[in-house]
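Both ligands and their constituent atoms are indexed starting at 1 by order of listing. We use all heavy atoms of the structure for the numbers below, so side chains are in, but hydrogens, waters and symmetry mates are not.
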Amino acid sequence: PTKEHETLKKKIHNGVVELLYSIKTELNYLKKSNSQEGDTKDAISRLSQQQRSILIDIEDLDQLNNDWKQAESKALRDLVIKRMEYIQNPKDCANAKQLLCKLNKGCGFGCQVHHLTYCFMIAYGTERTLIVESKNWRYEPGGWEVVFKPVSTTCTKTSSTPVGWKGESESKDVQTVHLPIVDGVIKPPPYMPLGIPEDLAPRLFRLHGNPSVWWVGQFMRYLLRPQKWLEDDLLKVEKEFGFENPAVGIQVRRTDKVGTEAAFHGIEEYMKHVAEWFDKCDLRLAKEQAGTKCVRRVYLATDEPNVLPEAVEKYPDYVFISDQAISKSAGLDSRYTKASLRGVVLDIFFLSKCDYLVCTFSSQVCRVAYELMQTLHPDASSFFHSLDDIYYYGGQTGHEQRAVYPHNARPGTNEIDLNVGDILGIAGNHWDGNSKGTNRRTGKVGLYPSHKVEEIIRIVKYPTYPEADS
Ligand code: GDP
């Protein structure tokens, strides 16, 4: 450890100790002062400022290892891409093992990208070349390859009649397997999210706060390599938008989702977290260069046209960038057959380029953006706030945590007991200090303090493709 390292560590230690002193002071003040609503707000605001200063110290601590992190992140990405290219481009396609994935899942763009990513992970895990069948795709009748680079250059068609997936060992000798959608897959193999490859696990644990999403992101990034014309369009639009970092991305998912798969969230709920992020940005700048402030740039993605005018009116201190504003004036590039494709592609790419995301993880569009974001930073695992679900992957094999501290449920609450070592199946985080889940030992379902558990990451023996590494 260097001197800078130790100094920052002590500063963070003091910061945390001081934070509790301040919480006690504020609580005592509120108790004595016959407090008003405004007093509570002021107290929270002062405490938040104090927390921001600790977060900045932690960022600074992280920054000390930045050169190593950047290099390690690039090395890991390059390694994985080489392996993907190897399995995707067999020399002898006629005899290669293949996995056929059909892009006709009846759902939205994010959902279809997740379908394809799940197929790719299983193809890679079972040492098969992924073949995508996408004729008459709802977002582009010409197929996936009109928009994104083909997933293979040497092997794009099935070489034998596809046989339905029956399980990894059951299908082992079949040349071309057809993988159904995740809801219909029998005997799911271990290569499903949220597992991570054994050989890379030690490196990923050092680098990344959520290796599972890092791993998913690598597959997704490979699949979503834009064709030249789309890449040009993205660059053109970036200029038109005036998109620059730092920026916070918000995705406000409304229309068909509200009341069916998710609750309604007002713009204020999103902007509260956006403001917090920019307040931290300002605090950092104030430290470095007195009197300067961050430009409050927000990329707004939404499927509801009323959201942008509402945001612009209610938040005059912010600069909103949105496809909602531009697509009406710019007209549709003739190479997009469908306007809906352009909207969602732009939104996903720009959200992923933001420095922080505020959205509902119940939406696949936002989860795709978060997954892609992981390929643009050494560790972007904490660059989000979800107003509802925790991160998950549809069809994932169990998300579990392990209790690292004991907990006695408070009487009269929904809390559950924890013994150290108990395994919990987590259902959600209430973002108020508590998570909800099932204690596998007791079978009880309820709340427990989020800080008393750690994540369990499933480590999977994936093929390591030594031929690709050489
Ligand atoms: P989910 O329903 O939000 O989980 O995500 P899906 O990708 O399955 O379906 C959502 C569909 O709604 C997308 O394909 C888009 O057509 C549209 N949509 C949802 N959110 C957005 C958004 O933020 N921007 C744009 N342009 N379209 C969206």
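Scored by the side-chain contact (heavy atoms from CB on, under 4.5 Å) test, Q396 finds L194, Y392, Y393, H399 as partners (sequence neighbours excluded). With sequence neighbours left out, S152 forms a side chain to side chain donor-acceptor pair (under 3.5 Å) with N89. When the side-chain contact (heavy atoms from CB on, under 4.5 Å) test is applied to K187, the partners found at least two apart in sequence or on another chain are E170.
Ion pairing between D303 and R253 holds under the 4.0 Å rule for side-chain N and carboxylate O.
For Y370 and F361, the ring centers are positioned less than 6.0 Å apart.
For ligand 1, the protein residues placed under 4.0 Å by at least one non-hydrogen atom are G108, F109, G110, C111, Y139, Q251, R253, K257, A301, T302, D303, G343, V344, D347, S362, S363, Q364, V365.
Using cut-offs of 30° and 60° on the angle between ring planes, the pair Y124 and F219 is perpendicular.
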